[in-house]
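Remarks on the structure that follows.
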Amino acid sequence: MLFRRFEGRDFAEVLQIEMEAFEDHDPYTYMNFYEMNPEGFLVAESGKNITGFVMGYRSSEQEGRIFSLAVKKEFQERGIGQALLQIMQRHFRNRNVKYVRLEVRASNKNARRLYSRMGFVDCWYEPGYYIDGECGIIMKKYLYPAGLYEDLLTDNWPVIS
Ligand SMILES: CC(C)(COP(=O)(O)OP(=O)(O)OC[C@H]1O[C@@H](n2cnc3c(N)ncnc32)[C@H](O)[C@@H]1OP(=O)(O)O)[C@@H](O)C(=O)NCCC(=O)NCCS
């Protein structure tokens with residue numbers, strides 16, 4: 001598995017994954033995101049196939065925000081989602097961001113379990129956050145400063161090419 005920055009040629013495959021994963025998908029958001037924040041758009045690639053992606057951006061001096069994360073169905077539960085999140089966390093930490101924030105549907109048990117296991121905690125609920133009226137949960141994770149603590153555990157961290 002290779003992790004690298006998104007490139008224009010990946011667009012169709014990323015959109016395919018996104019359409020499978022989310023009901024309220026929007027292709028233009030993805031292209032706009034890439035134009036404004038190419039560094040924060042990463043993909044996982046296996047052979048010649050894109051198997052997952054993550055998008056994140058710095059939303060304030062202190063905060064990094066995960067905007068979207070998805071893994072192709074047949075590649076789920078192999079650690080790709082975790083690896084993409086780890087790379088994004090490192091991206092933020094190297095820029096001295098203090099914590100990461102994300103939003104998740106209350107009903108999205110798989111994603112919530114992954115986030116909790118990675119140290120994200122439920123912070124508050126946003127009623128009607130999603131277009132169909134479902135409640136969103138805001139989760140956050142504190143990032144230890146670069147060079148401290150987590151670096152001791154990063155031997156197995158994915159490498160981005
Ligand atoms: C949420 C999502 C991104 C997780 O991606 P993933 O690649 O399956 O995540 P991982 O493989 O890293 O972890 C998922 C589970 O698989 C397990 N796993 C990882 N590697 C494994 C392996 N080799 N064998 C068996 N299980 C494994 C993990 O331990 C984890 O278990 P847990 O849920 O009990 O903690 C994916 O389910 C997805 O795309 N969902 C649809 C879109 C979505 O909901 N996105 C999030 C919006 S907020």
Side-chain angles (χ1 to χ4, degrees), residues 1-6 10-34 37 40-60 63-93 97 99-143 150 153-161:
M1 192 70 56
L2 175 79
F3 299 93
R4 62 168 172 79
R5 283 218 200 146
F6 170 90
D10 305 322
F11 194 50
E13 277 186 277
V14 164
L15 275 191
Q16 189 64 40
I17 298 171
E18 192 252 354
M19 272 162 50
E20 274 176 30
F22 304 113
E23 287 153 29
D24 41 353
H25 68 93
D26 174 7
Y28 296 109
T29 309
Y30 283 70
M31 223 42 203
N32 289 340
F33 184 97
Y34 175 58
N37 190 14
F41 197 164
L42 308 172
V43 295
E45 185 176 42
S46 175
K48 293 236 175 293
N49 300 313
I50 301 300
T51 56
F53 67 87
V54 66
M55 298 158 81
Y57 65 101
R58 187 174 201 150
S59 42
S60 72
E63 181 185 87
R65 198 155 173 178
I66 305 287
F67 177 72
S68 189
L69 167 73
V71 173
K72 205 171 183 166
K73 260 209 162 48
E74 56 267 40
F75 287 90
Q76 289 179 5
E77 302 197 340
R78 298 183 189 189
I80 298 172
Q82 174 173 326
L84 286 166
L85 276 175
Q86 283 177 324
I87 293 170
M88 192 51 78
Q89 279 173 208
R90 190 168 42 190
H91 168 85
F92 286 140
R93 213 170 49 147
V97 166
Y99 61 92
V100 187
R101 167 193 166 136
L102 55 81
E103 296 84 32
V104 60
R105 281 179 182 265
S107 63
N108 193 343
K109 298 273 161 29
N110 287 345
R112 288 178 63 187
R113 216 175 33 244
L114 171 65
Y115 299 147
S116 297
R117 193 165 47 74
M118 291 189 68
F120 285 83
V121 293
D122 292 3
C123 289
W124 69 85
Y125 293 81
E126 289 277 359
Y129 185 82
Y130 292 98
I131 200 159
D132 59 2
E134 186 172 353
C135 168
I137 300 177
I138 313 305
M139 300 184 80
K140 293 190 183 187
K141 176 178 179 176
Y142 176 74
L143 295 179
E150 270 188 278
L153 308 171
T154 55
D155 284 353
N156 296 323
W157 276 28
V159 174
I160 184 161
S161 65

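One-based numbering, in listed order, for ligands and for the atoms of each. FYI, the numbering just counts along the sequence from 1. Values below: all heavy atoms of this structure, side chains included; hydrogens, waters and symmetry mates excluded.
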| field | Heavy-atom donor-acceptor pair, Glu134 side chain to Ala106 backbone, under 3.5 Å | value | yes
| How does Glu103 reach ligand 1, if at all, at less than 4.0 Å between non-hydrogen atoms: by side chain, backbone, both, or neither? | backbone
| Closest non-hydrogen protein atom to atom 48 (S) of ligand 1, residue and atom name please, with distance? | Tyr115 OH, 3.2 Å
| Can you find an N or O of Gln82 that's nearer than 3.5 Å to an N or O of ligand 1? | yes
| said: Can a donor-acceptor pair be found, under 3.5 Å and without considering hydrogens, that links the side chain of Glu63 to the backbone of Val97? | reply: no
| request: Can you pull out the closest protein heavy atom to atom 19 (C) of ligand 1? Residue, atom name and distance to 0.1 Å, please. | output: Gly79 N, 3.4 Å
| In terms of residue, atom name and distance, what is the protein heavy atom nearest to atom 7 (O) of ligand 1? | Gly81 N, 2.8 Å
| Mode of Asn108 contact toward ligand 1 - side chain, backbone, both, neither (heavy atoms, under 4.0 Å) | side chain
| query | Under 3.5 Å, side chain of Lys141 to main-chain N/O of Met118, donor-acceptor pair present? | reply | yes
| task | Mind telling me whether Phe6 and Phe41 have parallel, tilted or perpendicular rings, with 30° and 60° as the class edges? | result | parallel
| task | Out of Glu77, Arg117, Arg113, Lys73, indicate the one that has the non-hydrogen atom closest to atom 30 (C) of ligand 1. | result | Arg117
| task | Identify, for atom 45 (N) of ligand 1, the protein heavy atom at the shortest distance, and state residue, atom and that distance. | result | Leu69 O, 2.8 Å
| said: Is there a polar contact, in the sense of an N or O pair closer than 3.5 Å, between Phe22 and ligand 1? | reply: no
| said: Looking at Asp122 and Arg112, is there a salt bridge between them, counting it only when a charged N and a carboxylate O are closer than 4.0 Å? | reply: yes
| request: Apply the test side-chain hydrogen bond (donor to acceptor under 3.5 Å, both in side chains) to residues Glu18 and Ser68: give CA-CA distance (whole Å), side-chain angles for both, the deciding distance (0.1 Å), then the verdict. | output: CA-CA 9 Å; Glu18 192 252 354; Ser68 189; over 6 Å; no
| said: If the cut-off is 4.0 Å to any non-hydrogen atom of Ala70, which atoms of ligand 1 fall inside it? | reply: 39 (O)
| message | Check this for me - ligand 1, Leu114, N or O atoms closer than 3.5 angstrom, yes or no? | response | no
| request: Around atom 39 (O) of ligand 1, find the nearest protein heavy atom and jot down its residue, atom name and distance. | output: Val71 N, 2.8 Å
| field | Working for ring pair (Phe, Tyr, Trp, His ring centres under 6.0 Å), residues Tyr30 and Phe11 | value | CA-CA 9 Å; Tyr30 283 70; Phe11 194 50; 7.6 Å; no
| message | Whether Arg105 engages the ring of Tyr130 as a cation-pi pair (distance to the six-membered ring centre under 6.0 angstrom, angle to the ring normal within 45°) should be assessed. | response | yes
| Distance filter under 4.0 Å to Ala21 heavy atoms, resulting ligand 1 atoms | 41 (C), 42 (C)
| query | Nearest heavy-atom pair of Asp10 and Arg5: which atoms, and what distance? | reply | OD2-O, 4.2 Å
| query | Distance below 4.0 Å between atom 2 (C) of ligand 1 and any protein heavy atom? | reply | no
| task | Return a yes/no value for Ala111: is any of its N or O atoms, backbone included, closer than 3.5 angstrom to an N or O of ligand 1? | result | no
| message | On a heavy-atom basis, I'd like to know which of Glu20, Glu18, Gln76 is closest to atom 36 (C) of ligand 1. | response | Gln76
| For residues Glu45 and Thr51, is any side-chain donor paired with an opposing acceptor at under 3.5 Å? | no
